[in-house]
Amino acid sequence: MVNRSKDFLRRRVEEDLELDRYKKIVTRFPPEPNGFPHIGHAKSISINFGIAKEYGGECNLRMDDTNPTTENIEFVEALKDAVEWLGFRWSGDVRYTSDYFLKLYNYAIRLIKMGKAYVDSLSEEEIREYRGTVTKAGKRSKYANRTIEENLDLFNRMKRGEFREGEHVLRAKIDMSSPNMKMRDPLLYRIKNGDHFRAKDKWAIYPMYDFAHPLSDYIEGVTHSICTLEFENNRDIYNWLIETLELEPPRPYQHEFARLNINYTVMSKRKILELIDNKIVDSWDDPRLPTIAGLRRRGYTAEAILNFCEQIGVAKANSTVDIAQLEFSIRDDLNHKVPRVMSIFKPLKVTIENYNGFEDINASYYPHDVPKEGFRKLPFSKEIYIERDDFMENPPKGYYRLTPNQPVRLKYAYIISCQEIIKDNSGNIVEIKAKYYPNSKSGSDSSGIKVKSAIQWVEANSAKEIEVRLYDRLFKKETPEGIDDINPNSLEIIKNALIEPAVIKDRVDSRFQFERHGYFFADPVEYSDKRPIFNRVVSLKESWSKKIKRENRRDKSKPKKEHIEGRVAPMSREEEILFKIYSEEHRLNREVANTLARDKELSKFYKEALKEFNNPIAIANITTNEVARELKVKKIDEVKFTPKDIADLVKMVDSGTISTKIAKDVFEEMSRSGEEPTKIVNDKGLRQINDKSLILSIVKEIISKNPKNVKKFRDGNRKILGFFIGQVLKASNGKANPKIVNELVTEELNLI
RNA sequence: UGGGGUAUCGCCAAGCGGUAAGGCCACGGUUUUUGGUACCGUUAUUCGGGGGUUCGAAUCCCUCUACCCCAUCCA
């Protein structure tokens with residue numbers, strides 16, 4: 001990760017720091033303790049704690065416990081645990097929104113006193129009706145005009161528990177016809193009778209998210225309140241509250257990023273809970289679940305998860321990450337960490353008829369490319385087990401393992417070849433009689449026999465039995481819709497797998513690679529010496545089985561989406577007249593004329609500029625492009641340049657004093673400082689260079705400095721022209737006439 | 001449908017007017033006592049579509065399209 005470019009959040013943080021908006025960065029991770037955190041939370045944790053760490057700030061862990069009916073202490077613990085396990089430390093103690101209830105209550109009082117909040121007594125259904133719809137404005141409740149005293153009294157009595165749930169709520173008085181539904185007098189407080197898991201029965205009213213969240217951020221001195229995309233609409237309330245309460249700066253700002261989705265799994269608390277309730281998985285820490293507890297129990301490491309979070313990046317586009325990316329991150333991590341051992345899942349007995357006696361073979365735990373040391377003893381005798389799949393009587397082409405006429409190496413031990421196949425009455429292979437080559441021992445092989453592969457094995461009498469749990473993706477569909485999409489084979493249990501004894505006796509690690517099978521983790525809950533249980537974290541990448549499958553797979557390439565062309569809204573009568581004038585009299589091209597005709601402000605601006613300098617096409621072009629951009633973000637009376645300024649700018653371009661490229665820079669400066677264009681050009685000496693010989697010398701210099709790119713050009717890369725033009729322009733501080741540069745560069749390059 | 005967002009390779013994702021980064025996946029090859037790893041190579045003449053501005057556009061302007069979010073007394 002050499003030059004990893006910064007994501008938009010980090011860029012914003014850096015900007016805020018540079019402009020001295022904050023002395024120190026404070027972020028927060030604010031989960032609601034109503035479920036176990038999943039890998040989506042890990043992404044948020046990684047962002048919030050990561051940013052705080054990188055910029056020398058702090059990150060708070062805050063339990064957003066404003067809804068007593070769903071929250072409890074078990075989830076608080078799971079959340080704390082997850083953050084710690086991922087390796088982060090929160091600043092100070094764990095925070096709780098419930099600790100701020102009194103402060104929040106006082107803010108509410110202030111809002112009421114300002115006339116900005118009122119107690120509403122509409123029923124739940126009425127409130128819904130009054131809210132209107134996305135296309136229809138809502139209407140305000142008749143209770144909205146209660147006096148401040150009435151509101152204060154009612155709110156106070158709500159707090160004291162004098163009312164039943166639903167009788168009254170506190171609402172902000174904002175705008176019932178706001179196009180943003182969230183701003184239609186949002187609820188601030190509601191009555192809840194049950195006990196809160198921390199505040200017990202102290203409160204009868206509880207703040208809503210939209211009220212508690214910004215204020216809690218403010219109370220904690222949070223600077224960057226980072227949340228997911230679905231809260232974009234809530235940002236208006238966030239700002240409204242802070243502004244309306246006239247809170248002392250510095251204040252926090254909310255920023256949103258896209259939540260994590262992964263294919264073949266589900267990420268929401270609701271859906272995970274559904275799996276637990278339907279007994280499809282055992283509990284929150286089921287190794288098939290994308291919960292942190294599940295991943296952890298499966299054998300994922302914190303490093304792998306953190307790497308994953310870093311790899312997928314942070315952006316604002318809704319996206320679904322391929323589960324293969326997650327699998328990569330754990331393989332990548334475990335590869336250089338864990339010992340390799342041999343295990344047999346489906347044993348096939350092999351009797352080595354010409355071997356007698358017993359020996360202990362010294363075998364390294366790590367392959368040559370893992371820079372770690374460690375050995376164990378591998379018992380060897382004439383009776384061993386190999387994997388059933390590692391022998392085939394009638395092998396397909398390209399099969400590397402043991403066959404009636406293909407020898408194979410027993411890893412760390414000898415080369416064997418098949419002498420006889422023993423079958424039972426129904427024709428199943430039950431045993432292989434083999435012979436070994438005494439001079440082929442690993443490390444001192446003088447047999448000269450070439451084998452295609454080495455396979456794993458265990459010695460029959462010393463091998464230990466283990467249970468292995470082979471986990472696979474939970475759903476068979478990429479985008480699961482429900483329980484019907486469950487992968488019925490998401491868990492395969494092998495009760496009597498065999499493993500070399502050192503794994504059980506020495507226990508050098510809790511994670512192993514079972515060679516050629518995958519990475520495994522001693523189940524932290526159910527493992528015992530009597531019944532050792534290993535979870536498969538992830539299988540190894542396997543090109544052999546894929547190659548076989550590929551042969552009978554059809555190509556199902558997706559057809560490109562068909563594009564539907566929509567209809568442009570028709571012009572009004574006046575617009576049509578304008579369009580006609582612009583395109584026919586002023587000879588503007590249709591697109592420009594169209595843009596101008598449909599936009600009254602632009603049109604007016606254009607006409608005024610035209611009075612100053614009669615060059616309709618040039619004025620129209622700059623108006624519909626540059627001026628239009630400014631008008632998108634500012635109102636007409638906020639822009640700092642006048643039509644005359646634009647006309648002057650065009651005049652300079654027209655006369656060749658400046659190039660269009662310089663004109664853009666001047667325009668930027670104009671809209672920033674409001675200075676006159678001629679002054680800017682003079683002050684900065686921006687006159688363009690038209691002297692051919694001067695430009696030519698720069699061109700030659702650039703060409704001689706970049707032989708590699710010259711070669712690219714000669715090899716047919718025309719786009720590289722842009723590189724040379726850019727370089728020449730840069731060398732002349734942007735002043736060289738780009739048309740001439742273009743001409744000369746092309747000429748020179750073709751000469752070579 | 002009003003508002004707010006988003007579109008760059010099969011999946012993520014850089015890019016902010018001057019040569020379309022990188023990772024995953026896939027595909028070849030080399031090394032290998034793991035059909036693993038590592039290493040080398042291949043994979044976007046094109047950035048949702050169409051126009052326009054410019055010497056030059058993924059980037060600026062116009063327009064169309066698709067998808068996501070908002071009408072819980074959830075967060």
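Just so we're on the same page: letters track the sequence lines, and every chain starts at 1.
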Base partner of [N], which must satisfy Watson-Crick or wobble distances under 3.5 Å:
N      : result
B/rG36 : none
B/rC67 : B/rG5
B/rA26 : B/rU42

Looking only at the side chain of [X] (C-beta and beyond, no hydrogens), which of the listed nucleotides [options] gets closest?
X      : options                : value
A/K541 : B/rU37, B/rG15, B/rG17 : B/rU37
A/R11  : B/rU34, B/rC73, B/rC16 : B/rC16
A/L187 : B/rU19, B/rC74, B/rC73 : B/rC73
A/R128 : B/rG35, B/rC60, B/rC73 : B/rC73
A/T595 : B/rC61, B/rG5, B/rC73  : B/rC61
A/V568 : B/rA71, B/rU63, B/rC24 : B/rU63
A/Q513 : B/rC73, B/rU34, B/rC24 : B/rU34
A/D322 : B/rC73, B/rU54, B/rG10 : B/rG10

[N] base / [X] side chain donor-acceptor hit below 3.5 Å:
X      : N      : value
A/E591 : B/rU53 : no
A/K664 : B/rG17 : yes
A/E565 : B/rG49 : yes
A/N625 : B/rG52 : yes
A/N233 : B/rG5  : no
A/D369 : B/rG36 : yes
A/K712 : B/rU19 : yes
A/R235 : B/rG4  : no
A/E256 : B/rG5  : no

Just N and O in the side chain of [X]: are any of them under 4.0 Å from OP1 or OP2 of [N]?
X      : N      : answer
A/K192 : B/rC74 : yes
A/R131 : B/rC73 : yes
A/K632 : B/rC61 : yes
A/R516 : B/rG35 : yes
A/R590 : B/rC62 : no
A/T66  : B/rA75 : yes
A/N621 : B/rU54 : yes
A/S329 : B/rC24 : no

Practice task
Strictly below 4.0 Å, heavy-atom distances to any atom of RNA chain B: list the hits from residues 732-743 of chain A, or just say none.
Solution key: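 Result for residues 732-743 of chain A: A/P738, A/K739, A/N742, sorted by number.
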Give a yes or no on whether the ring-centroid distance for [X] and [Y] is below 6.0 angstrom.
X      : Y      : value
A/F8   : A/F257 : no
A/F520 : A/F514 : yes
A/F512 : A/Y519 : no

Handout entry: Side-chain touch A/F231/A/Y238, heavy atoms, less than 4.5 angstrom
Key =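 Answer no - side chains too far apart.
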Handout entry: Exam field: side chain A/R401 to backbone A/P407, donor-acceptor pair closer than 3.5 Å
Key = no
Exercise for the section: Check for a donor-acceptor pair, side chain of A/D390 on one end and backbone N or O of A/I455 on the other, with a separation under 3.5 Å. Expected result: no
Problem - Minimum-distance pair of heavy atoms, taken over all atoms of A/N690 and A/G656 - result: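 Smallest interatomic distance, heavy atoms only, reads ND2-O, 3.7 Å.
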Handout entry: Set of side-chain hydrogen bond (donor to acceptor under 3.5 Å, both in side chains) partners for A/D322, sequence neighbours left out
Key =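 Checked A/D322 against side-chain hydrogen bond (donor to acceptor under 3.5 Å, both in side chains); zero matches.
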Could you state the atom-to-atom distance from [atom1] of [X] to [atom2] of [N] in whole Å?
X      : N      : atom1 : atom2 : result
A/M208 : B/rU72 : CE    : C1'   : 7 Å
A/Y189 : B/rC73 : OH    : P     : 17 Å
A/E626 : B/rA57 : CD    : C1'   : 13 Å

Polar pairs (N or O, both sides) under 3.5 Å between protein and nucleotides 39-47 of chain B?
none

Handout entry: Euclidean distance for C1', B/rU31 against B/rG36 (whole angstrom)
Key = 13 Å
Practice task
Determine, for A/D120 against A/R171, whether the closest basic-nitrogen to carboxylate-oxygen distance falls under 4.0 angstrom.
Solution key: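 The answer is yes: the pair qualifies as a salt bridge.
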Problem - Salt-bridge contact A/R259-A/E230 (side-chain N to carboxylate O under 4.0 Å) - result: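 Here A/R259 pairs with A/E230 in a salt bridge, since their nearest N and O are under 4.0 Å apart.
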